[in-house]
Amino acid sequence: QVQLVESGGGLVQAGGSLRLSCAGSGRTFARYAMGWFRQAPGKEREFVAAMSSANGITDYADGVKGRFTISRDSAKNTVYLQMNSLKPEDTAVYYCGAAPNFRGRYSYTEYDYWGQGTQVTVSS
């Protein structure tokens, strides 16, 4: 069993930055690939970024490449999403998820565990 708790969301002006955190617990947390997804009102949950468990390989959605960075602090069982140069279209509820393998990273149905989500609002 893995529990995930996100934090760090908020209201920021366009061009600003936020860092989201996802604190994990559970004996098997370190084995999971971790991903960030987001969901805007009326839209499906979409992939944002992911990191593999073993060797730290990362992947990003095209719309966030160069602006967002996913990282993992294994000692703290925490995954981060650094978001820079934020745009109004980044406004959404952001969720972190744990997936048993990295190759399923793009589909939210491949994730076994989810946090409760944190709201990010970017004003223009």
Show your working on side-chain contact (heavy atoms from CB on, under 4.5 Å) between L20 and E6 and close with a plain yes or no.
-> CA-CA 7 Å; L20 305 183; E6 300 104 334; over 6 Å; no

Which heavy atom in [X] sits nearest to a heavy atom in [Y], and how many Å separate them?
X: N84; Y: S17; result: OD1-OG, 2.9 Å
X: P88; Y: A14; result: CD-CB, 4.1 Å
X: V79; Y: W36; result: CG1-NE1, 3.6 Å
X: A50; Y: Y111; result: CB-OH, 4.2 Å

Working to the nearest 0.5 angstrom, can you tell me the gap between [X] [atom1] and [Y] [atom2]?
X: T118; Y: L18; atom1: OG1; atom2: CG; value: 8.5 Å
X: K65; Y: D59; atom1: NZ; atom2: CG; value: 6.5 Å
X: Y94; Y: R45; atom1: OH; atom2: CZ; value: 13.0 Å
X: M51; Y: L81; atom1: CE; atom2: CG; value: 10.5 Å

Quick one: sort the F47 and F37 rings into parallel, tilted or perpendicular, breaks at 30° and 60°.
->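 Geometry flag for F37 against F47: perpendicular rings.
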
Tell me whether [X] shares a hydrophobic cluster with [Y], the cluster being built from Ile, Leu, Val, Met, Phe, Trp, Tyr side chains joined at under 4.5 Å.
X: I70; Y: L86; result: yes
X: Y60; Y: V122; result: yes
X: M83; Y: V12; result: yes
X: Y108; Y: V48; result: no

Ignoring hydrogens and angles, state whether a donor on the side chain of [X] or [Y] is under 3.5 Å from an acceptor on the partner side chain.
X: S25; Y: Q3; result: yes
X: T78; Y: D73; result: no
X: R19; Y: Y80; result: no
X: E89; Y: T91; result: no

So, [X] side chain and [Y] main chain: donor-acceptor pair closer than 3.5 Å or not?
X: Q119; Y: G10; answer: no
X: T121; Y: L11; answer: no
X: Q39; Y: E46; answer: no

Starting from the C-alpha separation in whole Å, work towards a yes-or-no answer on side-chain contact (heavy atoms from CB on, under 4.5 Å) for R105 and S52.
-> CA-CA 9 Å; R105 61 194 178 275; S52 66; over 6 Å; no

Do K87 and D90 sit within salt-bridge range, that is, some charged N less than 4.0 Å from a carboxylate O?
->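 Salt bridge flag = no for D90 with K87.
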
Output, in order, the C-alpha distance, side-chain angles, deciding distance and verdict of side-chain contact (heavy atoms from CB on, under 4.5 Å) for S123 and Q13.
-> CA-CA 5 Å; S123 63; Q13 288 189 332; 3.7 Å; yes

Disulfide (SG to SG under 2.5 Å): pairs with one or both residues in residues 13-61, sequence neighbours excluded =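 Only C22-C96 qualify under disulfide (SG to SG under 2.5 Å).
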
Looking at residues at least two apart in the chain, or sitting in another chain, which of them share a side-chain hydrogen bond (donor to acceptor under 3.5 Å, both in side chains) with S85?
->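 With neighbours one apart ignored, the set is empty.
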
Residues in side chain to side chain contact (heavy atoms under 4.5 Å, CB included) with A98, at least two apart?
-> L4, Y32, M34, Y113

Is it the case that R38 places NZ or CZ above or below the six-membered ring of F68, under 6.0 angstrom from the centre and within 45 degrees of the axis?
->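 That pair does not qualify as a cation-pi contact.
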
